Amino acid sequence: MSDNPLRDPQDRRLPRIAGPCGLVLFGVTGDLSRRKVMPAIYDLANRGLLPPGFSLVGFARRDWAEQDFEQIVHDSVKEHARTEFREEVWRQLAAGFRFVPGDFDDDDAFDALRRTVQELDDVRGTGGNYAFYLAIPPGFFANVINQLKQHGLADAGPGSWRRVVVEKPFGHDLTSARELNQMIDEVFPSGTVFRIDHYLGKETVQNILAMRFANNLFEPVWNSHYVDHVQITMAEDIGIGGRAGYYDGIGAARDVIQNHLLQLLALVAMEDPVSFDADSLRLEKQKVLESVVLPRSLDRATARGQYVAGWAGGEKVIGYLDEDGIDPASTTETYAAVRLGVETRRWAGVPFYLRAGKRLGRRVTEVAVVFKRAPHLPFSATATEELTQNALVIRVQPDEGMTIRFGAKVPGTTMEIRDVNMDFVYGGSFTESSPEAYERLILDVLLGDPPLFPRHEEVELSWRILDPVLDHWARKGTPEPYESGTWGPASADAMLARDGRVWRRP
Ligand code: BG6
């Protein structure tokens with residue numbers, strides 16, 4: 001804890017409970033709302049972290065009565081909530097449900113929304129405090145934001161707040177991201193815009209900061225003197241499922257490298273922030289993103305692929321081009337890999353390899369910091385044949401924890417050294433299960449706590465990094481096929497082999 005009385009204004013161990021407020025959810029019928037947002041709201045209520053009068057207003061183009069909306073939330077909670085279903089919690093929460101039917105360009109519907117919000121202020125004591133959650137395709141962002149402005153919904157009255165929550169994609173390149181940010185900023189002042197990158201809500205991702213800055217053990221070796229390279233992997237075994245409409249034309253790099261993986265890189269590479277307040281934390285991440293450079297030859301330092309038929313979980317699966325709703329001539333990549341440099345004193349010369357893909361061997365997200373070999377090994381060459389490089393692996397999911405790989409003597413009468421692993425497993429050290437990322441992030445929105453939400457500068461810098469790669473790939477045309485259930489295209493292996501390295505097979 002800091003000795004500085006200007007910091008640590010509150011004891012962070014106390015549960016943080018949102019004050020009087022409500023949330024208006026646009027896109028209640030979407031996958032994200034059903035699978036993540038609505039269950040997370042219930043889980044927060046169940047943990048006693050929402051105010052008693054909390055209200056949830058659904059807005060959608062459906063001819064629904066209030067009971068239909070309640071049923072939809074009920075089903076999604078039953079199916080996807082993390083915590084147990086408790087009737088009394090549900091009843092109290094459901095008393096604050098309202099549904100407003102309408103199109104996003106329907107003035108009457110937004111008038112009805114304003115009246116609903118006012119009514120809830122009176123009967124539920126929400127105090128005029130509202131978050132507007134845009135879980136909708138980006139093509140509708142401008143409509144909704146302008147409607148909120150025109151109908152006076154974006155203006156907080158004295159002593160109350162209005163916030164907007166935006167889901168990705170934040171544009172599809174730097175220019176469109178700038179336009180989007182500008183449009184939102186014109187209506188909602190910067191401190192009231194919350195851009196969701198759900199990876200930042202994950203416990204294991206926040207633990208990168210704890211691991212780095214709460215310990216003295218790792219920081220001395222966290223630099224180019226000791227680190228050989230860093231591999232950041234987000235592998236999924238699922239295919240595109242029912243998300244063709246969103247994914248085709250977007251692809252792996254825009255879908256997850258632009259946001260999740262570059263945020264992970266920023267957390268791994270950043271300097272220690274002055275404190276964990278939003279400005280200090282985001283400033284340090286921003287500095288990393290500003291320092292990221294692409295290699296000169298994008299052909300040699302990037303790879304992309306598209307899955308074809310193969311196996312997943314013991315079952316035969318079809319290829320991307322045969323999935324429902326995918327253009328059979330699509331050149332969208334389902335696998336992307338890129339080598340980046342971070343031009344700072346700490347990291348110059350250390351490659352950061354990022355890769356993400358669908359239909360890979362298994363679902364795993366991890367950050368592996370791979371260390372240089374010891375400068376001198378006073379053993380015979382055969383004694384160290386099975387010793388590779390030391391590594392520190394942050395297992396983001398699914399097997400949350402950390403592994404340190406180092407060499408140890410094999411028991412016996414000869415000196416033989418082999419890699420061994422030292423493991424930290426969340427389940428073994430903590431009794432509490434980790435909250436879902438969306439629980440943490442929604443609570444932070446309602447509390448007005450922004451550190452875990454990327455600032456618009458970070459979003460734009462990430463596009464600045466990726467745009468040349470995307471342009472390069474667009475010029476090249478078709479991505480390389482890879483069989484479902486494997487670890488991606490051969491060009492990805494070749495990309496590392498050129499640097500004398502190999503991808504981890506987690
Ligand atoms: C989303 C991507 O942001 O993250 C999806 O749009 C991806 O394509 C998902 O499947 C993975 O999230 P998680 O939390 O399961 O790693």
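Keep in mind that the numbers below use all heavy atoms, side chains included, and drop hydrogens, waters and symmetry copies. Ligands are counted one by one from 1 in listed order, and the atoms in each one are counted from 1 as well. Here the structure is a predicted model, which is why all the values come from computation and not from measurement.
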Between [Y] and [X], does any NZ, NE, NH1 or NH2 come within less than 4.0 Å of an OD or OE carboxylate oxygen?
X	Y	value
R304	E480	no
R359	E236	no
R282	E457	no
K285	D272	no

Please identify which atoms of ligand 1 are closer than 4.0 Å to at least one heavy atom of [X].
X	result
K358	5 (C), 7 (C), 8 (O), 10 (O)
Q397	13 (P), 15 (O), 16 (O)
K202	13 (P), 14 (O), 16 (O)
K168	1 (C), 2 (C), 3 (O), 6 (O)

Among all the protein's non-hydrogen atoms, which is closest to [atom], and how far away is it?
atom	result
atom 3 (O) of ligand 1	H260 NE2, 2.7 Å
atom 10 (O) of ligand 1	E236 OE2, 2.5 Å
atom 15 (O) of ligand 1	R363 NH2, 3.6 Å
atom 5 (C) of ligand 1	R243 NH1, 3.3 Å
atom 12 (O) of ligand 1	H198 NE2, 3.2 Å

Tell me whether T365 has any N or O atom under 3.5 angstrom from an N or O of ligand 1. no
Ring-face cation contact, [Y] with [X], 6.0 Å cut, 45° max:
X	Y	value
R86	W90	no
K202	Y199	yes
R61	F140	yes

Determine, using heavy atoms of D255 and all atoms of ligand 1, whether some pair is separated by less than 4.0 Å. yes
Y247: heavy atom below 4.0 Å from ligand 1, yes or no? no
May I ask you to check whether W347 and F352 place their ring centers less than 6.0 Å from one another? yes
Applying salt bridge (Lys or Arg N to Asp or Glu O under 4.0 Å) between E436 and each of K36, R47, R82, report the one that passes. K36
R254 contact mode with ligand 1 (heavy-atom cut-off under 4.0 Å): neither
